[in-house]
Amino acid sequence: MTSVFEEKNISRAIMRVGLPAMLGQLTTLIYNIADTFFVSLTKEPATIAAVTLCAPILLIIMSIACIFGMGGSSVIARLLGEEKNEESGTTMNFCVYAMAIAGVMTLILGLAFLRPLAKISGADADNIAYTCDYLKWIFAGAPFIMLANGFVHLFRSVGLIKESTIGLILGNVINMLLDYFFIAILGWGTKGAALATSLGFVCATIYYIACMIREEYKGNQCVPLALKRFSPNVVIIRNVVSIGIPGALITVLMSVSNIVLNNYLGIYGSDAVASYGIAYKLDMIPILLSVGLSQGVAPLVGFCYGGNQKKRMSGIVKYTVLYGTLMGVLFATVFLLFGNQLAAIFLEDGLLIEQTGCFLKILCLSAPMLGVINMTTSYFQALGKAIKSLIITVLRNAVLFIPGVMFLNRFFKLNGVIAAQPVVETVLTIICIAMYLEDAKSNF
């Protein structure tokens, strides 16, 4: 662990923690694209639309895991920087059992309110049956979805970076294999896609629990699984939740903004929703890689902050922003040049291909700005300054985005709805730079 977090060369340190996280996100991305590809084999836009409409609900389930995964990760990394290993282990144990309990509660409530949730997501008469099919199996796997997503963050915070990445890749690979079997062979459509997703997370969870048992057997006091270590106190709960809830709200607000967007896209029919769904999945390549880089670096930033290594922390943030920006420029260039060709992988209809390619070229304009926005958000979370990271998210997904969608839809119709993302993130990048510079003055 210390060999990773105390690496003297800043660029090498970023790569050691960032590349595995990016690799994990890349497999998530491949799974998402594969999911859409296999569902698209049905040749039915309503099924693609259903998967797109369910995405915000899946994000909300994952956001609950963020309360204990991201919140616990931030607290644990800072405790390790302060050399408080016993407290970090107790925090880890609390987070694991809290995620399991929250997952069971989500399963029960989700199945009880299945149809109303599908309607809130924007489902109409054409796709509500497909949407309910998808959601039913997603909620059935909710406990494992939460545990697997939370473990990714918790393992990184204690230096189990390789194990964190392996579990993420394992779940996504199994998901893709089952996608092929359930959809292409058995013809289960959206139900098969959701079942594959849930079973992938089941396998990832089993792997992570096996790793915890191994670490506990080896005497690693930072990774206790035994129920007898479940002894949360007010301080632990407050510290985790105070960081975790704002972190979870980031994903919730993202889901709310996506639901608003889906409802506006729905005005233009299932074809528009399907085109956006494919364009957005492709645009997720730079988004998830940027998220992986910033989230992978976050425990390193927290460790430096807890150990009072402020100069090194500043260098890590600046280099991560630089790498993220260059990566965004590269992907934006590829999408602008080959947008239609990429859309043709998923579609056969010429008009849909042209529309999807146009959407992708608009969405990708924000890719160069992701390095600034995502790293600034992770920076504030790593330092325990969750309110500031929440402010960025509220601006991104509510204060700026929702009015932006409404305004641009009124004047530019469908293309205006799609353009809301790059317009908002341009404004937000300027705000993030200002927030970071102001905060840096108090740290150095």
Side-chain angles (χ1 to χ4, degrees), residues 24-25 27-39 41-42 47-48 50-69 96 99-115 117-118 121 123 127 129-153 164 166-210 248 251 255 277 281 284 288:
Q25 291 291 346
T27 61
T28 298
L29 166 70
I30 294 170
Y31 133 65
N32 272 290
I33 293 175
D35 213 31
T36 302
F37 173 76
F38 285 119
V39 171
L41 294 179
T42 64
T47 61
I48 301 174
V51 174
T52 302
L53 293 172
C54 292
I57 301 296
L58 181 57
L59 280 174
I60 289 173
I61 294 174
M62 292 179 177
S63 74
I64 300 172
C66 287
I67 296 176
F68 308 104
V96 171
M99 288 188 297
I101 294 168
V104 173
M105 293 174 62
T106 301
L107 183 158
I108 295 169
L109 293 173
L111 293 179
F113 298 99
L114 190 65
R115 196 170 183 85
L117 287 170
S121 298
N127 53 49
Y130 298 120
T131 305
C132 287
D133 258 355
Y134 193 93
L135 287 178
K136 178 173 67 176
W137 291 103
I138 287 298
F139 280 121
F144 301 100
I145 293 172
M146 288 189 190
L147 282 166
N149 279 278
F151 276 131
V152 170
H153 299 289
S164 170
I166 290 174
L168 189 56
I169 293 174
L170 175 67
N172 287 326
V173 169
I174 289 174
N175 194 333
M176 286 184 282
L177 293 174
L178 292 178
D179 262 339
Y180 172 75
F181 181 71
F182 291 152
I183 300 173
I185 296 180
L186 298 183
W188 287 357
T190 52
K191 178 181 72 173
L195 183 57
T197 297
S198 291
L199 289 176
F201 284 120
V202 169
C203 294
T205 299
I206 292 171
Y207 170 79
Y208 287 129
I209 291 175
T251 310
S255 300
K281 287 289 175 69
M284 288 291 284
L288 287 180

Which of V152, V173, N149 passes side chain to side chain contact (heavy atoms under 4.5 Å, CB included) with L168? Answer is V152
Note, L117 side chain near F139 side chain (heavy atom, < 4.5 Å): yes
Does any non-hydrogen side-chain atom of T197 lie less than 4.5 Å from one of Y134? yes
Closest heavy-atom pair, M146 versus M99, reported as atoms and distance to 0.1 Å, is O-SD, 3.7 Å
Smallest heavy-atom separation, I145 atom then I138 atom, equals CD1-O, 3.6 Å
Atom [atom1] in [X], atom [atom2] in [Y]: separation rounded to 0.5 Å?
{"X": "F38", "Y": "M176", "atom1": "CZ", "atom2": "CE", "value": "9.0 Å"}
{"X": "C203", "Y": "L177", "atom1": "SG", "atom2": "CG", "value": "10.0 Å"}
{"X": "S63", "Y": "L58", "atom1": "OG", "atom2": "CG", "value": "10.0 Å"}

Under 3.5 Å, which donor-acceptor pairs do the side chains of residues 183-194 form with other protein atoms, sequence neighbours left out?
residue, atom, partner, partner atom, Å
T190, OG1, Y130, O, 3.2

Those residues at least two apart in sequence (or on a different chain) that pass side-chain hydrogen bond (donor to acceptor under 3.5 Å, both in side chains) with K136 are none
The side-chain hydrogen bond (donor to acceptor under 3.5 Å, both in side chains) partners of N172 (sequence neighbours excluded) come to T27, T28
Taken in chain and number order and not counting sequence neighbours, the residues that satisfy ring pair (Phe, Tyr, Trp, His ring centres under 6.0 Å) with F151 are F155, Y208
With sequence neighbours left out, the residues meeting ring pair (Phe, Tyr, Trp, His ring centres under 6.0 Å) with F144 are none
Please tabulate, for side-chain N and O atoms in residues 105-115, each donor-acceptor pair with protein atoms closer than 3.5 Å (sequence neighbours left out).
residue, atom, partner, partner atom, Å
T106, OG1, A102, O, 2.9

Residues at least two apart in sequence or cross-chain that pass side-chain contact (heavy atoms from CB on, under 4.5 Å) with L178, listed by chain then number, are I174, F182, A196, L199
